[in-house]
Amino acid sequence: MTPAPSPAAGHDAREASRPHLRVAGTHPAVDPAAAEAAAAALLAALGLDLTAEHLARTPHRMAQALIEMTSSEDFELTTFPNDEGYDELVLVRDIPVQSVCEHHILPFTGVAHVGYLPGERILGLSKFARMVEWHARRPQTQERLTHQIATHLDDALGPRGVGVVVQAEHTCMTLRGARVAGTATTTSALFGRLREDPRSRAEFLALTRSTP
Ligand SMILES: Nc1nc2c(ncn2[C@@H]2O[C@H](COP(=O)(O)OP(=O)(O)OP(=O)(O)O)[C@@H](O)[C@H]2O)c(=O)[nH]1
Ligand SMILES: [Zn+2]
């Protein structure tokens with residue numbers, strides 16, 4: 001692997017003024033023991049016999065599964081100075097989205113397309129996926145998830161434009177309730193030039209629709 005080039009001396013001050021942002025600390029505290037006790041109570045209320053061997057550890061597994069689906073790892077949101085003055089769209093497509101709808105606590109899954117028009121700083125490419133996962137792995141609405149990713153990118157980089165499109169299938173709508181298998185929901189959040197400039201907006205939306 002090629003080592004990352006060290007920043008030019010002139011950029012040291014700017015690098016220090018926007019340190020690698022640690023994304024952490026806003027997830028609520030989790031109490032696994034209380035979650036397990038609550039899962040046992042729910043399963044018993046559903047008429048399950050928790051003394052059966054298959055079910056004995058189900059409250060534990062159920063609590064752990066829900067905790068895993070609503071927790072994500074903290075990470076460093078590494079940004080770099082835009083030394084080359086790159087000013088075209090950067091778009092990372094088809095980032096997996098695995099979230100849980102906060103109305104039914106059932107999964108919704110799909111993809112996110114996240115892009116921006118760089119200003120003074122650019123983002124490490126893997127951080128787009130980490131950012132999506134960090135916001136997705138908690139009880140969410142798709143609209144809020146989409147907006148939070150866009151706001152996060154906007155705050156971290158101060159770019160000229162930000163665009164986020166999320167396409168997802170909600171199991172609360174496909175497996176129960178309306179039971180409309182195969183339906184997909186698309187949400188978008190566009191900021192700056194990607195919202196206001198019709199050509200940039202059209203280019204971004206077209207790229208999120210085209211096949212790679
Ligand atoms: N806007 C939005 N709605 C969502 C999302 N996830 C789930 N929902 C909806 O939340 C709504 C909750 O409505 P309720 O009428 O209280 O719930 P319900 O009786 O289970 O409704 P049905 O799902 O229609 O059976 C449903 O229409 C869900 O489809 C989301 O991410 N965004
Ligand atoms: Zn739901």
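Just the heavy atoms: all of them, side chains too, but no hydrogens, waters or symmetry mates, feed the values below. Just so you know, ligand 1 is whichever comes first in the structure, and atom 1 is the first atom listed for that ligand. When a residue number appears, it is its place in the shown sequence, counting from 1.
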ask   = Strictly under 4.0 Å, does any heavy atom of E102 approach an atom of ligand 1?
value = no
ask   = Does R144 reach ligand 1, in the sense of a heavy atom lying below 4.0 Å from it?
value = no
Non-hydrogen protein atom less than 4.0 angstrom from [atom]:
atom	result
atom 20 (O) of ligand 1	yes
atom 8 (N) of ligand 1	yes
atom 14 (P) of ligand 1	no
atom 3 (N) of ligand 1	yes
atom 24 (O) of ligand 1	no

request  = Applying side chain to side chain donor-acceptor pair (under 3.5 Å), run through R144 and Q140 and close with a yes or a no.
outcome  = CA-CA 7 Å; R144 189 190 310 121; Q140 273 287 16; 3.1 Å; yes
Numbered atoms of ligand 1 (with element) below 4.0 Å of G177, judged on heavy atoms =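 Counting atoms of ligand 1 from 1, those under 4.0 Å from G177 are 25 (O).
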Distance filter under 4.0 Å to C172 heavy atoms, resulting ligand 1 atoms =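 Near C172, the atoms of ligand 1 are 7 (C).
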message = Using 2.8 Å as the threshold, say whether any N, O or S atom from H103 sits that close to the Zn ion (ligand 2).
response =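 False for H103.
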message = Under 2.8 Å from the Zn ion (ligand 2) - does any N, O or S atom of C172 fall there?
response =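 A backbone or side-chain N, O or S atom of C172 is under 2.8 Å from the Zn ion (ligand 2).
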query = Is the F108 ring parallel, tilted or perpendicular to the H170 ring (thresholds 30°, 60°)?
reply = parallel
Please examine the side chains of [Y] and [X], heavy atoms only from C-beta on, and report whether any two atoms are closer than 4.5 Å.
X	Y	value
M173	T185	yes
L43	T58	yes
V165	T187	no

task = Name the option, out of H104, Q142, E143, that contains the heavy atom nearest to atom 32 (N) of ligand 1.
result =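 Shortest heavy-atom distance from atom 32 (N) of ligand 1: E143.
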task = Ignoring hydrogens, just give me the one of Q140, H170, M173 whose non-hydrogen atom is nearest atom 6 (N) of ligand 1.
result =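 Answer by nearest heavy atom: H170.
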Between [X] (side chain) and [Y] (backbone), is there a donor-acceptor pair under 3.5 Å?
X	Y	value
R121	T79	yes
R160	L194	no
Q98	P107	no

message = Are F80 and V162 linked, directly or through intermediate hydrophobic residues, by side-chain heavy-atom contacts shorter than 4.5 Å (ILVMFWY only)?
response = yes
key: Within the 6.0 Å centroid threshold, strictly below: F128 and H113   =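 Between H113 and F128, which both carry aromatic rings, the centre distance is not below 6.0 Å.
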inquiry  = Using a 4.0 Å heavy-atom cut-off, which part of H103 comes near ligand 1: side chain, backbone, both, or neither?
reply    =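 Answer for H103: side chain.
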inquiry  = Which atom name would you report as the N, O or S atom of H104 nearest the Zn ion (ligand 2)?
reply    =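 Answer by atom name: ND1.
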task = Starting from atom 22 (P) of ligand 1, locate the nearest protein heavy atom and write down its residue, its atom name and how far away it is, to 0.1 Å.
result = R176 NH2, 3.9 Å
